[in-house]
Amino acid sequence: MAHPTEHPHIVVHPPALDGSRRVTSDDETLGVATHTDDVGEILRLADLYVTDVEDADFIEWQGGGPDDWPGLSEHHEP
């Protein structure tokens, strides 16, 4: 049994066309985030309390870091 302070490997996947990013733990989808705060809330709902998702060493950010949330609105700017 894992020690309670150990965290699973979390992946924040590359942005979709709408800018949202899927958050997974192993093969389980935990939720879909549209902002860094959403990642923290998704992890909280999964009983993983993280104070700083941007610097947590068990979170793998794919396709961009915590500041990369491109959406379709960026493609429609005047």
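Hydrogens, waters and symmetry mates play no part in the numbers below; they use all other heavy atoms, side chains included. Keep in mind the model is a prediction, meaning the values are calculated, not measured. The chain is numbered in sequence order, starting from 1.
Closest of all the heavy-atom pairs between Val50 and Ala56 is CG1-CB, 4.0 Å. Contact between Ile42 and Gly31 at its shortest, heavy atoms only, is CD1-C, 3.8 Å.
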- Residue pair Glu28, Thr24: steps toward the side chain to side chain contact (heavy atoms under 4.5 Å, CB included) verdict: CA-CA 5 Å; Glu28 178 185 0; Thr24 61; over 6 Å; no

- Given the rule in the side chain to side chain contact (heavy atoms under 4.5 Å, CB included) test, do Leu43 and Glu41 qualify, once you have shown the distances and angles that lead to the verdict? CA-CA 5 Å; Leu43 296 179; Glu41 180 64 9; over 6 Å; no

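Of the candidates Ile10, Val39, Val12, Ile10 is the only one forming a side chain to side chain contact (heavy atoms under 4.5 Å, CB included) with Leu30.
By the 4.5 Å heavy-atom criterion applied to side chains, Asp38 and Ser20 are not counted as neighbours.
For the atom pair Asp68 CG and Gln62 CD, the distance stands at 13.0 Å (nearest 0.5 Å). Here the OG1-CZ distance, from Thr36 to Arg21, works out to 8.0 Å after rounding to the nearest 0.5 Å. Atom OG of Ser25 sits about 10.5 Å away from atom CD1 of Ile59, to the nearest 0.5 Å.
In terms of hydrophobic clustering, with Ile, Leu, Val, Met, Phe, Trp and Tyr side chains grouped at heavy-atom distances under 4.5 Å, Val32 and Val53 are assigned to different clusters.
Relative ring orientation between Trp61 and Trp69 is described as perpendicular, the plane-to-plane angle rising above 60° on a 0-90° scale split at 30° and 60°.
In this structure a side-chain-to-backbone donor-acceptor pair under 3.5 Å is missing from Asp55 to Asp52.
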